[in-house]
There are 2 protein chains.
Amino acid sequence: MRDASLAEIRELALFRDIGEATFEALTRSAYHQTFPPQVTLIHQGQSADFFHVVTDGLVELVGNWNGRENTMVVLRPVSTFTLAACMTDAPYLMAARTIEQSRVILIPSSDLRAAFAADTAFALAIAHELANCYRGMVRHAKDMKLRTSRERLAGYILRQSALRGGASRFELPLEKRLLASFLGMTPENLSRALRALRDDGLAIDATHVTIADRAALDRVAHVTPLIDGPEPGAPDR
Amino acid sequence: MRDASLAEIRELALFRDIGEATFEALTRSAYHQTFPPQVTLIHQGQSADFFHVVTDGLVELVGNWNGRENTMVVLRPVSTFTLAACMTDAPYLMAARTIEQSRVILIPSSDLRAAFAADTAFALAIAHELANCYRGMVRHAKDMKLRTSRERLAGYILRQSALRGGASRFELPLEKRLLASFLGMTPENLSRALRALRDDGLAIDATHVTIADRAALDRVAHVTPLIDGPEPGAPDR
DNA sequence: CGAACCCTTGACAGAAATCAACTAAGGTGG
DNA sequence: CCACCTTAGTTGATTTCTGTCAAGGGTTCG
């Protein structure tokens, strides 16, 4: 891996507190690679060869079953995937595909497990990462099971706003069909839901989002950290 | 904690490989308590005081939002909950309630984190447990987003059969309204779905399940380890 | 310029939630 | 022992929501 990459990665929460020897062992056989958009990085069912860290771009985790496909997670930098599979040496449950051009670190899973055993600080960082992945998936499942599609959409918009420091105008970061899949609906349905939310303080022109009435939108979404996650930058409370 | 409990617990995968000192530190301030049915053990949003291990009985994890409620997980012995919250010192995302009389070990979260730092074998066991919880929730989310309610029900029946060594006749382990909630449908809908599956080789009389035509049922469910989990007892592959 | 592709819209069909009525079983208390 | 109440489950009627199908507009890209 190049020196510039190494310095950049060393600052990530996953690697910040670990020993120099561990860091070197982890990065010795690792790759930091750039991928074009729409490239499938891993397939579901494959054995867990690499632990992945998205450092730039946008990656989606996709579930497939019986000819159907669904976007389960959208990963922005800096995020990881395939950690649980690597730790348990089990097959990937989801495929991963770049949405836009992305840079990804690939760490052989055997090195990951060796570093876990050798470095307590790294073990703790891994456990935190696993716990956060779990909690993210619990939140997504709660979103799916407790909210209607309209409510999920309103919640998504407010989360995106929060990610941008509470901005009331921003661009949708995803293609609508991808967003629809992530929110558990069809593109047609998303289209209609977006129009319907105009009565609740949301205006959308193509990809340009304007929150006209935040309170009204939140009366639909009832945003809560127990589903929508903590405020960006804040600890998970 | 009583000696009988200690011996019993020592054999669990979580504690099997850890040092004697760690085990003693963990169990010194732990409780092994019996709870009646329908008791709420924890509420969502509470701070993570205890790590929990279900040793007997049946416990459900429940999500609440805006007056709605949904069963997210059903835990049979031996299973754990609140691990992710304890490791990250974050609030519980789900409430827990006993379904039937249950015995639960409660370990103070500070002790859990101390043991993680002190004992590498325990850290590894915790990481495996976290990874398995994550993968379980991914599977549940895939179940929800990729399958219809009828397909989920068929899958559930076949999983329950597999848990019983492939038995074709067994008793439903849950009240139907609880099962309906877990499967993401209403009780009325579950009733109808059960009748509809009679054409697909499933017969249900009250709580008594008979799989008349396993192949037909699997043509509906398309059981796969990537959603339904590994065969009981087998590693996750 | 044509070919994809994304998005939107409308019409329709199917699935699921809701509302309501009814049965059956279990528990309580007179 | 029986009347009464509560609760789980079923069934039917209805409405609401969502998916599907089809068509058309707009954009991008070879």
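Residue numbering restarts at 1 for every chain, and letters A, B, ... go by the order of the sequence lines.
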Q | Contacts of A:A131 that satisfy side chain to side chain contact (heavy atoms under 4.5 Å, CB included) - sequence neighbours left out | A | B:A84, B:T88, B:L130
**Q.** Spacing of A:I105 atom CD1 and A:Y31 atom OH [to the nearest 0.5 Å]
**A.** 14.0 Å
Q. To the nearest 0.5 Å, what is the distance between CD1 (A:I227) and CE (A:M144)?
A. 10.5 Å
**Q.** Residues touching DNA chain D, which here means a heavy atom under 4.0 Å, drawn from residues 189-212 of chain B
**A.** B:S191, B:R192, B:R195
**Q.** Polar side-chain atom of B:K145 near backbone of A:G63 as donor-acceptor pair, under 3.5 Å
**A.** no
Please table the atom pairs, donor to acceptor, closer than 3.5 Å between any side-chain atom in residues 213-220 of chain B and protein atoms at least two apart or in another chain.
from: B:D213; atom 1: OD1; to: B:A215; atom 2: N; distance (Å): 3.3
from: B:D213; atom 1: OD1; to: B:A216; atom 2: N; distance (Å): 3.1
from: B:R214; atom 1: NH1; to: B:S161; atom 2: OG; distance (Å): 3.0
from: B:R214; atom 1: NH2; to: B:S161; atom 2: OG; distance (Å): 3.3
from: B:R214; atom 1: NH2; to: B:G166; atom 2: O; distance (Å): 3.0
from: B:R214; atom 1: NH2; to: B:A167; atom 2: O; distance (Å): 3.4
from: B:R214; atom 1: NH2; to: B:S168; atom 2: OG; distance (Å): 3.1
from: B:D218; atom 1: OD1; to: B:V223; atom 2: N; distance (Å): 3.0

Q. Any side chain to side chain donor-acceptor pair (under 3.5 Å) pairs touching residues 92-105 of chain A, not counting sequence neighbours?
A. A:E8-A:R103, A:D56-A:R103, A:E60-A:R97, A:E69-A:R97
Q.
Can a donor-acceptor pair be found, under 3.5 Å and without considering hydrogens, that links the side chain of A:K176 to the backbone of A:A206?
A. yes
Q) By side chain to side chain contact (heavy atoms under 4.5 Å, CB included), which residues pair with A:R159, not counting sequence neighbours? A) A:D143, A:R147, A:Y156, A:F182, A:D228
(Q) Can you confirm whether B:Q46 is buried at CD, in the sense that more than 12 heavy atoms of other residues, nucleotides or ligands lie under 6.0 Å from that atom? (A) yes
Q. For DNA chain C, which residues in residues 137-161 of chain B have a heavy atom at a distance below 4.0 Å?
A. B:S149
Q: Check whether any side-chain N or O of B:W65 sits under 3.5 Å from a backbone N or O of A:T224 as a donor-acceptor pair, and report yes or no.
A: no
**Q.** Those residues that, when tested against A:N64, pass side chain to side chain donor-acceptor pair (under 3.5 Å) (two or more places apart)
**A.** none
Q: Could you check A:V53, A:L41, A:T80 and say which one makes a side-chain contact (heavy atoms from CB on, under 4.5 Å) with A:V104?
A: A:L41
Q | Counterpart residues, side chain to side chain contact (heavy atoms under 4.5 Å, CB included), relative to A:M185 (two or more places apart) | A | A:S149, A:L153, A:A180, A:L183, A:N189, A:L190
(Q) Please check if the number of heavy atoms outside A:R68 that lie under 6.0 Å from its CZ is greater than 12. (A) yes
Q | Closest approach of A:E171 to A:T207 (non-hydrogen atoms, all atoms of both residues) | A | OE1-OG1, 2.6 Å
Q) What's the spacing between B:I211 CD1 and B:L158 CG if we round to 0.5 Å? A) 5.5 Å
Q) Between residues 172-185 of chain B and DNA chain D, which residues have a heavy-atom gap below 4.0 Å? A) B:E175, B:K176, B:R177
**Q.** From A:L226 atom CG to B:Q44 atom CD, the distance as rounded to the nearest 0.5 Å
**A.** 5.0 Å
Q | chain B contact limits on DNA chain D, taken 5' to 3' with a cut-off of 4.0 angstrom to heavy atoms | A | D:dA8 to D:dA13
**Q.** Terminal helix-axis angle for the helix from C:dC1-D:dG30 to C:dG30-D:dC1, with five pairs defining each axis and rounding to 10 degrees
**A.** 30°
Q.
Using a 4.0 Å cut-off to any heavy atom of chain A, which nucleotides of DNA chain C are the first and last in contact, reading 5' to 3'?
A. C:dC6 to C:dA11
